[in-house]
There are 2 protein chains.
Amino acid sequence: MFAEFETFIKTHTALCDDDIKLIRSRAIEKVVRRKELLLQEGEICRYKMFVSKGLVRTFCTRDDGSEHILQFSPQNSWTTDPESFDNLTPSHCNIDALERSELILWTKSDFDYLFANIPGLKAYSEKLVARNLYLVRKRVLSNISATAEEKYDEFIKNYPDVFSRVSLHMVASYLGVSLKTLSRIRQAQLIR
Amino acid sequence: MFAEFETFIKTHTALCDDDIKLIRSRAIEKVVRRKELLLQEGEICRYKMFVSKGLVRTFCTRDDGSEHILQFSPQNSWTTDPESFDNLTPSHCNIDALERSELILWTKSDFDYLFANIPGLKAYSEKLVARNLYLVRKRVLSNISATAEEKYDEFIKNYPDVFSRVSLHMVASYLGVSLKTLSRIRQAQLIR
DNA sequence: GCAAAACGAGGACATTTGACGTCATTTTTT
DNA sequence: AAAAAATGACGTCAAATGTCCTCGTTTTGC
């Protein structure tokens with residue numbers, strides 16, 4: 001489980017083996033089965049998580065019970081509720097597994113410690129946050145400017161792997177359109 | 001012009017007068033009139049900008065000429081195209097002034113230098129990026145889960161000052177709905 | 001391996017939203 | 001001060017989208 005992480009982090013940073021040993025010393029490994037919750041609304045998100053295998057989603061619910069997906073996190077990606085994690089405030093979202101998944105967890109104090117001792121990790125984390133911001137801004141732009149079909153096509157283009165592993169309900173919930181709309185778009189594309 | 005910035009930064013950080021002097025030594029002051037462009041699509045966004053007076057917007061255009069507003073930046077806020085600024089890549093958006101505005105500009109190398117010499121400024125900047133991410137994620141959630149009326153009400157609640165200074169076209173363009181839809185919502189709220 | 005749940009298409013219908021044009025008023029520009 | 005542009009409401013019509021439903025198929029969980 002940690003092996004995947006080690007491979008990943010080595011391709012994204014120039015950390016030495018001692019650094020990685022230190023990171024490992026603080027890591028918690030966790031396996032979750034499909035549908036298992038990693039974070040529940042109202043809780044404080046105690047962990048920043050690396051998904052080494054599987055697929056995880058972050059979603060919020062509304063009063064009417066509808067679910068809205070903020071993020072998919074497949075293998076080799078990070079997930080957490082940044083606001084809750086950084087500020088130790090109750091989260092407004094949920095994280096659960098869409099497939100049996102393997103994760104590595106660190107608390108905020110783990111990361112504070114690691115950042116203080118591994119400058120390269122700190123730099124990597126900053127890059128990650130920055131790139132995250134670029135991506136979310138792009139998503140806002142897509143949200144406010146694109147048609148449903150454009151959003152659907154973009155999603156397939158940007159996340160082909162996720163697309164092939166989740167139901168259309170999930171895609172609809174991520175895009176902010178109804179399943180019916182996706183059905184119609186797919187039908188129209190079939191005819192062409 | 002720099003006076004407003006000094007007041008602002010002193011309330012948000014614990015920088016000393018020498019730090020501020022250093023920051024000032026790299027700053028460029030700029031006044032723009034209404035409608036003047038600060039960044040044009042295709043250019044590299046050379047500056048991170050502090051708006052000390054006025055109101056500025058970041059927007060993208062589509063092939064059909066439609067404009068979509070990513071961000072309003074009133075006095076005492078920061079603006080830039082983060083991706084273009086960080087990576088020195090051509091920007092996909094435009095920044096222009098909605099009112100006569102006064103700004104302070106720093107280049108990336110200015111900031112690199114200042115960050116290296118003023119740890120408190122670096123820490124402040126990181127907080128800013130993090131908070132930005134929280135906000136943009138909230139906006140995505142709103143985009144994909146709220147009705148047009150909810151988005152409209154949220155906007156007024158979150159940005160009352162901006163709301164009172166921009167046209168409904170601008171609000172519509174920020175929310176990703178048509179002006180007509182806003183008109184209808186306002187009409188319906190009047191009747192209640 | 002089997003019962004239960006999830007999945008995705010599709011029909012019917014209501015609602016929301018957008019495109020386009022008009023118009024009176026206000027604001028901006030010169 | 002006058003001309004030009006922007007503003008925001010509104011009407012009409014068409015298109016897009018959502019809700020609720022059924023139905024056959026696939027997947028999941030025990």
Side-chain angles (χ1 to χ4, degrees), chain A residues 31-37 54-55 57 59 62-69 96-101 142-153 155-156 162-192, chain B residues 32-37 54-55 57 59 62-69 72 96-101 142-153 155-156 162-192:
Chain A
V31 177
V32 288
R33 56 182 189 287
R34 195 175 128 92
K35 294 193 184 174
E36 196 170 333
L37 266 181
L55 178 59
R57 73 170 169 162
F59 66 100
R62 287 177 49 113
D63 307 327
D64 62 4
S66 60
E67 295 181 351
H68 303 274
I69 299 180
D96 71 359
L98 298 180
E99 306 172 355
R100 175 192 173 286
S101 300
S142 170
N143 282 334
I144 65 176
S145 69
T147 65
E149 180 162 16
E150 288 166 341
K151 292 175 204 171
Y152 172 72
D153 291 340
F155 183 84
I156 297 177
V162 172
F163 179 72
S164 69
R165 288 153 74 184
V166 302
S167 71
L168 290 183
H169 285 92
M170 298 285 171
V171 178
S173 166
Y174 180 90
L175 297 181
V177 301
S178 69
L179 173 61
K180 180 73 193 182
T181 296
L182 284 199
S183 269
R184 282 196 265 244
I185 289 168
R186 289 158 61 83
Q187 181 55 27
Q189 292 188 343
L190 268 183
I191 291 171
R192 283 180 228 157
Chain B
V32 288
R33 55 182 190 287
R34 195 175 129 92
K35 296 193 182 174
E36 196 169 333
L37 266 181
L55 177 60
R57 74 170 169 160
F59 65 100
R62 286 178 49 112
D63 306 328
D64 62 5
S66 61
E67 295 180 352
H68 303 274
I69 298 180
F72 292 108
D96 71 359
L98 298 179
E99 306 172 356
R100 176 193 173 282
S101 301
S142 170
N143 281 335
I144 65 176
S145 69
T147 64
E149 180 163 16
E150 288 166 339
K151 292 176 204 171
Y152 172 71
D153 291 341
F155 183 83
I156 296 177
V162 172
F163 179 72
S164 68
R165 289 154 75 184
V166 302
S167 71
L168 289 184
H169 285 92
M170 298 284 170
V171 178
S173 166
Y174 180 90
L175 297 180
V177 301
S178 70
L179 173 61
K180 177 75 191 180
T181 297
L182 283 200
S183 267
R184 282 197 265 244
I185 289 169
R186 288 157 62 83
Q187 181 56 26
Q189 293 188 341
L190 268 183
I191 292 170
R192 284 180 227 155

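In the text below, chain A, chain B and the rest are named by the order of the sequence lines, each starting its count at 1.
Rounded to a whole Å, the CG atom of N143(A) is 15 Å from the P atom of dT17(C). dT17(D) atom C1' lies 11 Å from atom NZ of K151(A), rounded to whole Å. Atom CZ of R165(A) and atom C1' of dT26(D) are 19 Å apart (whole Å). Computed from coordinates, the L182(A) CG to dA16(D) P distance equals 15 Å when rounded to whole Å. As a whole-Å value, the separation of D96(B) CG from dA6(D) P is 13 Å. Summarising the geometry, the separation between CG on L98(B) and C1' on dT27(C) is reported as 15 Å, rounded to the nearest angstrom. R186(B) places its CZ atom 10 Å from the P atom of dC10(D), with the value rounded to the nearest Å. For I185(A) and dG8(C), the CD1 to C1' distance is 14 Å, given to the nearest whole Å.
Between Y174(B) and R57(B), the side chains place no donor N or O within less than 3.5 Å of an acceptor N or O (distance only, hydrogens not considered).
Nearest nucleotide to the side chain of L168(A), out of dA12(C), dG18(C), dA9(C): dA9(C). The side chain of K180(B) has dC10(D) as its nearest neighbour among dA9(D), dC10(D), dG8(C). Taking the side chain of S183(A) as heavy atoms from C-beta on, and the options dG8(D), dG18(D), dA9(C), the nearest nucleotide is dA9(C). Listed candidates were dG18(D), dG18(C), dG10(C). Nearest to the side chain of Q187(A) is dG10(C).
In terms of position on DNA chain D, the residue among S167(B) and R184(B) whose nearest nucleotide sits closer to the 5' end is S167(B). Comparing G176(B) and K35(B), the nucleotide of DNA chain C nearest to each residue sits closer to the 5' end for G176(B).
For R34(A), a side-chain nitrogen or oxygen approaches OP1 or OP2 of dG29(D) to under 4.0 Å. Considering only side-chain N and O atoms, S178(B) lies under 4.0 angstrom from the phosphate OP1 or OP2 of dG18(C). For the pair H169(A) and dA6(C), the criterion of a side-chain N or O lying under 4.0 Å from OP1 or OP2 is not met. Within the 4.0 Å cut-off from OP1 or OP2 of dT16(C), not a single side-chain nitrogen or oxygen of T181(B) is found.
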TODO: Quick one: do I191(B) and Q187(B) satisfy side-chain contact (heavy atoms from CB on, under 4.5 Å)? Show the steps, please.
DONE: CA-CA 7 Å; I191(B) 292 170; Q187(B) 181 56 26; 3.8 Å; yes
- [ ] Please step through side-chain contact (heavy atoms from CB on, under 4.5 Å) for the pair I185(A) and V177(A), ending with a clear verdict.
- [x] CA-CA 11 Å; I185(A) 289 168; V177(A) 301; over 6 Å; no
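Between I69(B) atom CD1 and L98(B) atom CG the span is 6.5 Å, to the nearest 0.5 Å. To the nearest 0.5 Å, the span separating CD1 on I144(B) from OG on S173(A) amounts to 6.0 Å.
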